[in-house]
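Here the structure comes first, spelled out in structure tokens, and everything after it is commentary.
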Amino acid sequence: MSDEEDIILRDLNDNDLVDQIKDDLYDGLKDEVFEGVEILLERKWEANLILSDVLVEAMRIVGIDFRDGILFVPEVLQCAGAMKGGMGQLRPILAASDAQTSVGKFVIGTVKGDIHDIGKNLVGMMLEGAGFEVIDLGINNPVENYLAAIDEHKPDILGMSALLTTTMPYMGLVIEELDKRNILKELPVMVGGAPLNQEFADAINAHSYGRDAAMSAEMARTIIGKNS
Amino acid sequence: MSAQRHKCLIIACGALAKEIVYLRRHLGVADEALTLKCLPAEFHNTPQKIAPGVEALLKEHRKHYDRVLVAYGECGTGGALDTLLKQYDAERLPGAHCYEFFAGAAQFEQIVEAEIGSFFLTDYLVKNFDRLVIKGLGLDRYPELTSVYFNNYKQVVYLAQNEDEALKQKALGAARQLDLDFLYKRVGYGDLATELEAFVQEEGLCGSAHKDQQTRQLKTKDEDHVSC
Ligand code: B12
């Protein structure tokens with residue numbers, strides 16, 4: 001980024017700077033977002049405030065415009081890249097501060113047979129932004145992986161993602177397995193992915209269906225009682 | 001005979017148009033006995049547009065035809081296409097997507113089972129790789145996203161409809177561009193041919209066209225794939 005732009009960002013007052021960072025994140029400008037966050041930190045902004053009021057808020061708008069067909073997948077990925085950069089700056093600060101304890105644990109993974117992960121990664125990012133500790137199992141997860149992760153991490157919520165018509169039913173299979181083992185009544189399961197809908201989520205007995213990343217993060221907070 | 005013959009319509013994804021025209025000719029079906037109407041292949045990347053697109057055509061044309069075949073798989077419409085087809089008494093090709101019905105469900109599963117990180121191409125996708133994959137995913141604008149999209153992939157699997165050395169080379173180039181291995185499988189027209197053949201046989205459309213010299217040549221060349 002050029003010195004000239006550098007000076008302009010630093011010249012902005014807090015409100016204008018926040019608006020500028022949001023715009024830059026929307027435009028997928030990674031370096032600019034990084035620098036904006038740096039300036040806010042220098043101005044003694046709390047890391048969790050930067051995360052929730054600037055980065056997450058900007059990404060929420062991105063999500064809405066994606067849903068409404070104003071932004072497309074490549075643009076969303078650029079935005080996500082910019083957000084990731086900003087979060088990378090904040091993470092060590094958040095981890096070091098006593099104030100920031102996780103609101104809950106969320107295990108998330110794409111189901112067996114499916115290696116789509118863009119949506120899952122976005123949801124993971126927004127969950128982290130909403131204060132969750134996210135354990136990401138990656139892609140192509142058989143039921144055993146979910147069971148092992150539940151055993152190891154004792155999550156508050158389990159999330160599954162599927163983008164293929166052929167892999168969606170596998171979510172039902174995992175839920176059945178959880179039910180058989182008496183885990184389901186204790187562990188809310190959230191499901192998501194473009195071809196899913198509420199009807200499908202209900203049919204497979206999922207606790208809830210997350211249409212997009214921002215809404216899913218809000219729902220997750222509500223599920224664990226952090227939104228009331 | 002032509003007086004009582006049913007009038008049939010195929011509503012197809014643009015990615016199958018050329019293949020259907022070929023098969024129609026190959027089966028000796030007159031163009032006017034089996035009308036073809038297409039929707040843009042770009043709907044691939046925005047499957048939420050598929051059902052509304054098909055519905056617009058059904059609304060306009062369903063009443064003029066005795067039977068309608070929709071040449072789409074489920075294609076990630078989340079059940080919307082099937083609900084619509086029931087409403088309009090139309091049918092579609094079996095399977096989740098075109099890769100599955102070109103390869104045949106068993107072979108498709110076998111390939112994915114052997115290597116989950118498989119990205120499939122067909123003749124149409126090879127020919128239109130730049131438009132549908134590179135531009136469609138925004139890789140022309142953001143080449144750095146290639147690794148974000150294809151990080152989980154190991155190989156490009158070219159499910160070829162026709163033996164064509166130039167296309168094979170182009171597919172190999174596509175694999176190189178994505179930095180993936182290359183696997184070539186000549187699968188022909190698979191279930192698309194079987195389904196279409198069954199359809200025209202049931203409707204008694206075979207032989208409705210004069211078999212010109214060109215058609216006869218096509219039939220001899222590909223005798224092993226389609227017969228009617
Ligand atoms: C990008 C993409 C790809 C990329 C994947 C890159 C990656 N790393 O993930 C590439 C190009 C590599 C790819 C490959 C394939 N794809 Co693809 N892909 C898409 C596409 C265009 C967009 C998906 C996407 O990333 N959307 C963006 C994100 C942000 O949205 P999202 O995933 O819906 O996620 C949001 C919500 O759903 C929700 N959410 C998602 N997960 C979760 C989880 C939880 C717990 C919660 C609460 C919420 C939630 O929140 C997210 C954020 O807002 C879709 C079409 C579409 N528009 O859906 C086809 C699509 C899903 N793919 C499809 C196909 C067929 C394939 C391939 C087989 C194609 C091929 N040529 O080989 C392979 C799959 C191989 C395999 N074994 O899995 C089909 C599926 C058809 C079907 N019947 O199911 C689709 C529908 C395209 C089509 N019409 O043909 N694909």
Side-chain angles (χ1 to χ4, degrees), chain A residues 27-30 66-82 84 109-122 125 136 138-142 161-170 191-204 209 211-212, chain B residues 42-52 72-83 92 94-101 105 108-120 133-155 180:
Chain A
D27 292 335
L29 303 172
K30 202 173 173 164
F66 173 62
R67 189 192 63 208
D68 294 345
I70 298 165
L71 289 177
F72 299 96
V73 180
E75 283 73 31
V76 172
L77 283 173
Q78 290 295 109
C79 302
K84 224 175 174 175
T110 302
V111 294
K112 187 176 171 201
D114 206 326
I115 59 177
H116 288 89
D117 63 0
I118 293 172
K120 166 190 71 68
N121 294 346
L122 273 182
M125 203 158 83
D136 187 344
I139 51 166
N140 190 28
N141 283 289
S161 181
L163 264 289
L164 297 168
T165 328
T166 45
T167 56
M168 282 162 58
Y170 196 81
V191 293
L196 274 70
N197 52 36
Q198 186 64 51
E199 217 181 328
F200 176 79
D202 292 343
I204 62 167
Y209 158 66
R211 198 187 50 210
D212 62 50
Chain B
E42 278 81 358
F43 284 3
H44 245 94
N45 287 341
T46 48
Q48 68 275 15
K49 291 185 184 163
I50 295 175
Y72 271 96
E74 203 286 328
C75 292
T77 65
L81 186 58
D82 287 337
T83 309
R92 70 163 169 87
H97 40 65
C98 51
Y99 319 103
E100 188 179 317
F101 57 68
F108 183 81
E109 204 168 304
Q110 203 183 354
I111 297 169
V112 173
E113 191 80 3
E115 177 51 72
I116 178 86
S118 296
F119 182 66
F120 295 92
V133 180
I134 298 300
K135 285 206 183 77
L137 296 176
L139 297 175
D140 52 336
R141 285 167 290 148
Y142 314 108
E144 70 279 9
L145 289 181
T146 309
S147 62
V148 177
Y149 283 114
F150 290 98
N151 197 23
N152 304 324
Y153 289 80
K154 297 279 179 301
Q155 61 179 9
L180 300 173

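Order of the sequence lines sets the chain letters (A, B, ...), proteins ahead of strands, with each chain counted from 1.
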Pick out which of [options] makes a side-chain contact (heavy atoms from CB on, under 4.5 Å) with [X].
X         : options                         : result
Pro74(A)  : Leu139(B), Leu145(B), Asp140(B) : Leu145(B)
Asn152(B) : Thr110(A), Asp117(A), Asp114(A) : Asp117(A)
Glu74(B)  : Thr166(A), Leu164(A), Thr165(A) : Thr165(A)

Structural part of [X] lying under 4.5 Å from a heavy atom of chain A:
X         : result
Ile116(B) : both
Glu144(B) : side chain
Glu113(B) : neither

For chain A, which residues from residues 76-83 of chain B lie under 4.5 Å away (heavy-atom distances)? Gly76(B), Gly78(B)

With a 4.5 angstrom heavy-atom cut-off, which part of Ile118(A) approaches chain B: side chain, backbone, both or neither? side chain

Engaged part of Asn121(A) at the chain B interface, taking heavy atoms whose separation is under 4.5 Å: neither

With a sphere of 6.0 Å drawn around CD of Glu109(B), does it hold more than 12 non-hydrogen atoms of other residues, nucleotides or ligands? no

